[in-house]
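Take a look at the structure set out below.
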Amino acid sequence: MRSLKQLLIASVLAVSMQVQAAEPFTVAIAANLKYVFDDLAAEFKQETGIEAQSVLNASGKIATQVRQGAPFDVFMSADMEFPEGLYKEGFAVTAPKPYAYGLLVLWSQTGADLSKGVAGLTDAAIGKVAIANPKLAPFGKQALKAMEFYKVKVALEPKLVYGESITQVSQYVDSKAVDVGFSAKSIVVAPETTGKGKWVAVPEESYEPIAQGVVILKHGIDNNADAARKFYGFVQSEKARAIFAKNGYKLP
């Protein structure tokens, strides 16, 4: 018969093995959340003690990775369409809820004249223009809408350079590989980029509202249910809303 001491040791070892086997709580985030997520994760940890690690990519690529079995617990997309698709297919357990609205800007670090906005991008003095891949990144899709609104899409096509995501567009702008990039306001107002070049807002009437949705993924419920539910609720809290507003987003 096992002694009380042996039972206690076995119990401690069992708990230790469970802790070691636990997967890190992972949030897959759209590229425009690159900077704001650090603030969200810090506030969330302060409230709950839970550390949230992030994986960043274009929303369309994240959706594909989830379908292929990527171990993500929560998905913060740059639109509603990709998370809605995952929900309908059973990869997400909650219907997407909008947590913020992204805003489109033009950004340059080469001194390009942005005073005429999107319509002025056809000027001969402006060279390459970067946008995120419209098939994968909602900000790229809306950049095309803005070009269509100003009737300059056809004229701009020879100048366009496509990035996989807003992050890659930022790299093109930062390295001055392009004159102008269609970016997100959350990128250009971040402390890491403030003062780099200049930017102007793209008028909101020229593109569709970029509602960004959050869902709990099936992997999250199966492996990190408590953390996933708490983070999902936190993203919609007043504290999170204040962080989004401070970082260049409109609120639902």
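Below, all heavy atoms of this structure are taken into account, side chains as well, without hydrogens, waters or symmetry copies.
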Legend entry - Cluster overlap Tyr249 with Leu106, hydrophobic side-chain contacts below 4.5 Å: no
Inset, instruction - Kindly compute the distance separating CG (Asn133) from CD (Gln168), expressed to the nearest 0.5 Å. - result: 9.5 Å
Inset, instruction - For the pair Gln142 (side chain) and Glu208 (backbone), establish whether a donor and an acceptor sit closer than 3.5 Å, ignoring hydrogens and angles. - result: yes
Legend entry - Any side-chain donor near an acceptor of the partner, Asn247 and Ser186, under 3.5 Å: no
Legend entry - Lys250/Glu204 salt bridge by N-O under 4.0 Å criterion: yes
Inset, instruction - Taking atom CD of Gln46 as the centre, report whether more than 12 heavy atoms of other residues, nucleotides or ligands fall under 6.0 Å from it. - result: no
Inset, instruction - Would you indicate whether the side-chain heavy atoms of Phe231 and Val27 approach each other to under 4.5 Å? - result: yes
Inset, instruction - Kindly say whether Gly233 contributes a backbone atom to a donor-acceptor pair with the side chain of Ser237 at under 3.5 angstrom? - result: no
Inset, instruction - Any chance you could measure Ile62, atom CD1, to Phe82, atom CZ, to the nearest 0.5 Å? - result: 10.0 Å
Legend entry - Point-to-point distance, once rounded to the nearest 0.5 Å, from CG of Leu156 to CD of Glu148: 11.5 Å
Inset, instruction - Using only heavy-atom distances, determine whether the side chains of Asn224 and Glu23 contain a donor-acceptor pair under 3.5 Å. - result: no
Legend entry - Candidate pair Thr110 and Asp179, rule side chain to side chain donor-acceptor pair (under 3.5 Å), full reasoning: CA-CA 6 Å; Thr110 64; Asp179 270 338; 2.8 Å; yes
Legend entry - Main-chain N/O of Ser77 paired with Tyr99 side-chain donor or acceptor, under 3.5 Å: yes
Legend entry - Stepwise side chain to side chain contact (heavy atoms under 4.5 Å, CB included) check, Phe25 with Phe72: CA-CA 8 Å; Phe25 174 56; Phe72 305 149; over 6 Å; no
Inset, instruction - Give me the ring orientation class for Phe234 and Phe44: parallel if the planes are under 30° apart, tilted from 30 to 60°, perpendicular past 60°. - result: tilted
Legend entry - Lys159 side chain to Leu121 backbone, donor-acceptor under 3.5 Å: yes
Legend entry - Salt bridge flag under 4.0 Å for residues Lys218 and Glu89: no
Legend entry - Spacing of OH belonging to Tyr87 relative to CG belonging to Leu217, to within rounding of 0.5 Å: 13.0 Å
